[in-house]
Amino acid sequence: MKENKEELLEMLEKMLEIREFESSVQQYFAEGQIPGFVHLYLGEEAIAVGACSALKEDDYITSTHRGHGHLLAKGGDVKKMMAEIFGKVTGYNRGKGGSMHIADVSLGILGANGIVGAGLPIAAGSGISSQINGTDAVTVCFFGDGASNRGTFHETLNMASVWNLPIVFVCENNMYGISMPQYQSDGRKGQNIKDVADRAVGYGISGITIDGNDVLAVNEAVNEAVKKARSNGGPSLIECKTYRWRGHFEGDPTNYRDDEELEEWKKKDPIKKFSSFLLDEEIITEKEFKQIKDKIKEKVEEATKFAQESAEPSPDDVTNNVYFEEVE
Amino acid sequence: MKNLTYAEALREAMAEEMEKDSSVFIMGEDVGVFGGCFGVTGDLVQRFGEDRVRDTPITETAIVGGAVGAAMTGSRPIAELMFASFMGVAMDEVFNQAAKMCYMTGGQAKVPMVLRTPVGGGIGAAAQHSVCNESWVVGIPGLKVVLPSTPADAKGLLKSAIRDDNPVIFFEHKVLYETKGEVPEEDYTIPLGKADIKREGDDATIIATGMFVRKALEAADQLAKEGIELEVIDPRSLVPLDKETILASVDKTGRAIIATEETKRGSFASEVAAVISEEGLYSLEAPILRVCSEDTPVPFSTVLEQAYLPSTEDIITAVKSSL
Ligand SMILES: Cc1ncc(C[n+]2csc(CCOP(=O)(O)OP(=O)(O)O)c2C)c(N)n1
Ligand SMILES: [Mg+2]
């Protein structure tokens with residue numbers, strides 16, 4: 001566990017930043033200011049933050065269609081992210097990518113991804129690079145419960161295991177892949193096991209299931225797995241149980257789940273859980289907590305303003321970047 | 001006649017075929033209670049049950065491969081891929097399994113399956129959800145390929161595709177799903193391999209597919225005001241291709257413009273151009289032109305996506321340059 005106050009506060013700030021960021025995206029999407037579609041991370045903040053707090057700047061992550069939280073937690077710039085989601089030229093991808101494709105390669109963020117399960121083999125690749133180049137960089141590979149039904153999950157865990165690749169596979173089990181329940185005793189289900197972590201045994205790696213709404217639990221588990229990976233101990237699978245508060249995408253009617261289930265999970269709000277702990281243990285005061293919240297709100301508001309006021313890309317840009325060119 | 005959306009027409013085709021033939025079933029991601037990502041399967045799970053409208057895990061490889069196996073063993077699967085961009089995940093099943101099974105087995109095995117999937121940009125879905133990948137499949141022997149532009153065509157062609165004893169890649173354009181049109185009341189089918197002349201004219205021929213049939217018709221309306229009469233041909237099925245209708249029209253007008261949403265290089269549009277130049281060169285009074293998307297991935301920002309996609313104006317410019 002993170003012992004020092006500064007680190008604990010950093011985690012709290014990141015979680016609040018993601019919450020605030022996603023709430024703004026929700027609002028501006030509803031107002032029609034954001035094109036395309038967005039998948040929000042609200043309710044799952046503890047996983048990205050717990051995991052990325054265990055990483056150094058030169059470690060890698062691979063992300064998903066629900067990637068805003070991962071990217072912010074790995075240090076993504078709030079302004080450039082928001083601008084990309086608005087499709088502006090000042091965005092990370094110059095407006096070419098949008099919500100599902102944001103990347104900051106310089107921070108080891110190998111990209112959100114529109115193809116479910118596509119991040120897994122890419123994580124194998126960054127793991128191979130660490131071996132080939134003799135660095136101690138570790139890759140955290142985020143993916144959903146639904147993604148763990150794709151061949152890429154199975155093929156990558158197998159390869160990572162036999163080659164002892166330095167990867168931490170972080171499965172965000174939010175209980176659904178769009179409308180498909182991960183598991184239920186009767187009826188439709190994506191898989192016939194309650195815990196995705198059970199699959200690790202088939203590949204000869206360690207697999208554990210933890211409370212994904214407990215940032216300290218996530219941090220502790222990922223820290224340990226990262227340490228192991230850095231010291232040549234190979235890959236691990238960590239399944240984090242959580243719940244997405246919003247629909248699969250904004251506009252999803254969510255006719256496949258009950259409001260009561262959502263209400264139950266809202267009681268397990270990861271931010272509330274962590275902030276209550278910090279307050280109860282007198283690690284922070286109410287006043288400090290409020291100051292942090294105000295600061296984050298301002299930061300995200302500024303980012304939104306930046307995004308709104310930024311220029312659209314020029315139509316001529318459409319044909320740039322198809323092939324790589326070195327920029328001075 | 002009744003007025004249906006493209007999505008409703010597709011649903012009717014599936015429902016009617018499922019009622020008639022108990023070996024027809026549907027499988028895909030979120031096709032059940034969710035009703036399909038674009039609402040095409042709708043209430044079919046309530047009508048036909050979870051055995052015949054099967055929600056799958058996220059597993060495109062097994063959806064398409066499973067359809068091949070089911071088709072080889074007496075079923076008539078309709079597999080749905082949520083976006084045509086995801087076909088990459090199941091490309092072996094399309095290319096090496098579905099397409100070649102009949103030939104490789106010396107004609108023993110039949111693979112009567114339909115793979116339904118939406119193509120196309122225009123909704124800000126960005127690079128991995130917007131492809132028009134007709135060219136991935138039109139060159140694969142053993143597949144039939146369809147892309148309807150109207151509700152009536154969608155229904156009649158899907159019924160033929162389901163009844164066909166061969167694998168049919170059935171592309172749908174996602175921007176068309178909510179468009180409405182007249183659909184016959186009675187039971188009907190439209191044969192694969194028969195083009196439709198959507199508008200008659202003498203001055204130039206536009207061969208257009210999917211969303212671009214609408215753009216070509218808009219262009220024709222505008223040009224008619226200037227006294228230029230376009231003939232708009234929708235091949236509807238890309239394989240088999242109704243060369244006869246295309247070549248006869250080009251012979252009449254002397255001009256051929258092919259308008260599709262695909263990226264230009266190596267496109268279905270290129271294939272049509274090749275057919276016209278091989279078999280209709282002496283009918284031509286101007287070079288064949290292709291109006292297609294930029295050779296780039298589909299960009300996200302609305303400004304860039306509009307720059308990527310050809311417009312009605314681009315079709316008009318092409319026509320004028322060929323006159
Ligand atoms: C290969 C592929 N198949 C299907 C989809 C459509 N799709 C997008 S997200 C999603 C559900 C993903 O579920 P999960 O992995 O559990 O992640 P979650 O959305 O719950 O975070 C699906 C089916 C896709 N993008 N890529
Ligand atoms: Mg999920």
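To find a chain, count down the sequence lines: A is the first, B the second, and so on, and within it residues start at 1. Predicted model, so just to flag it, every value in this text is computed and none were measured.
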_Approximate separation, where rounding is to 0.5 Å, of Asn93(A) CG and Ser301(B) OG_ = 11.5 Å
*Please round to the nearest 0.5 Å and tell me the distance separating atom CD1 of Ile58(B) and atom CG of Asp145(A).*
7.5 Å
*Can you establish whether the number of heavy atoms outside Arg76(B) located under 6.0 Å from its atom CZ is more than 12?*
yes
*Side chains of Met100(A) and Phe300(B): does their closest heavy-atom pair fall under 4.5 Å?*
no
*Would you mind checking which part of Glu60(B) comes under 4.5 Å of any heavy atom in chain A, side chain (CB onward), backbone (N, CA, C, O), both or neither?*
side chain
*Start with the C-alpha gap between His248(A) and Phe34(B), add the side-chain angles, then the distance that decides, and say whether side chain to side chain contact (heavy atoms under 4.5 Å, CB included) holds.*
CA-CA 11 Å; His248(A) 171 69; Phe34(B) 197 70; 6.0 Å; no
_CG/Asp259(A): more than 12 non-hydrogen atoms of other groups inside 6.0 Å_ = no
*For Ala147(A), is it the side chain, the backbone, both, or neither that has a heavy atom closer than 4.5 Å to a heavy atom of chain B?*
backbone
*asked:* If only side-chain N and O atoms count, and only distance matters, is there a donor-acceptor pair under 3.5 Å linking Thr59(B) with Asn149(A)?
replied: no
*asked:* Counting only heavy atoms from other residues, nucleotides and ligands, does the tally under 6.0 Å from CZ of Arg94(A) exceed 12?
replied: no
*Side chain, backbone, both or neither: which part of Asp317(A) has a heavy atom under 4.5 Å from chain B?*
both
_Is there a side chain to side chain contact (heavy atoms under 4.5 Å, CB included) between Glu29(B) and Met180(A)? Walk through the geometry before answering._
CA-CA 8 Å; Glu29(B) 290 158 22; Met180(A) 177 64 96; over 6 Å; no
_Looking at every heavy atom in both Gly97(A) and Ala126(B), which two are closest together, and how far apart are they?_
O-CB, 3.5 Å
_Sub-4.5 Å side-chain heavy-atom contact between Glu50(B) and Arg188(A)_ = yes
*asked:* Taking side chain as everything from C-beta outward and backbone as N, CA, C, O, which of these in Phe153(A) sits under 4.5 Å from a heavy atom of chain B? Side chain, backbone, both or neither.
replied: neither
_Using a 6.0 Å cut-off, check whether atom CD of Glu325(A) has over 12 heavy atoms from anything other than its own residue._
no
_Ignoring hydrogens, what is the shortest heavy-atom contact between Phe37(A) and Ala125(B)? Give both atom names and the distance._
CE2-CB, 3.7 Å
*Val318(A) versus chain B, heavy atoms under 4.5 Å apart: side chain, backbone, both or neither?*
both
*Could you check which of Val89(A), Thr319(A), Asp316(A) has the highest count of heavy-atom pairs closer than 4.5 Å to chain B?*
Thr319(A)
_Minimum heavy-atom distance between Asp55(B) and Ser179(A), given as atom pair plus value_ = OD2-OG, 4.5 Å
*Give a yes or no on whether Lys189(A) atom NZ has more than 12 heavy-atom contacts from other residues, nucleotides or ligands under 6.0 Å away.*
yes
*Which one of Asn321(A), Val322(A), Ile178(A) has the most heavy-atom pairs closer than 4.5 Å to chain B?*
Ile178(A)
*Picking from Gln191(A), His101(A), Glu312(A), which has the most non-hydrogen pairs under 4.5 angstrom with chain B?*
His101(A)
*Which atoms of Ser148(A) come close to chain B, meaning under 4.5 Å heavy atom to heavy atom: side chain ones, backbone ones, both, or neither?*
neither
_Below 4.5 Å, heavy-atom pairs only: which of Val33(B), Thr296(B), Leu304(B), Asp295(B) has the largest tally toward chain A?_
Leu304(B)
*From NZ (Lys96(A)) to OH (Tyr308(B)), nearest 0.5 Å*: 13.5 Å
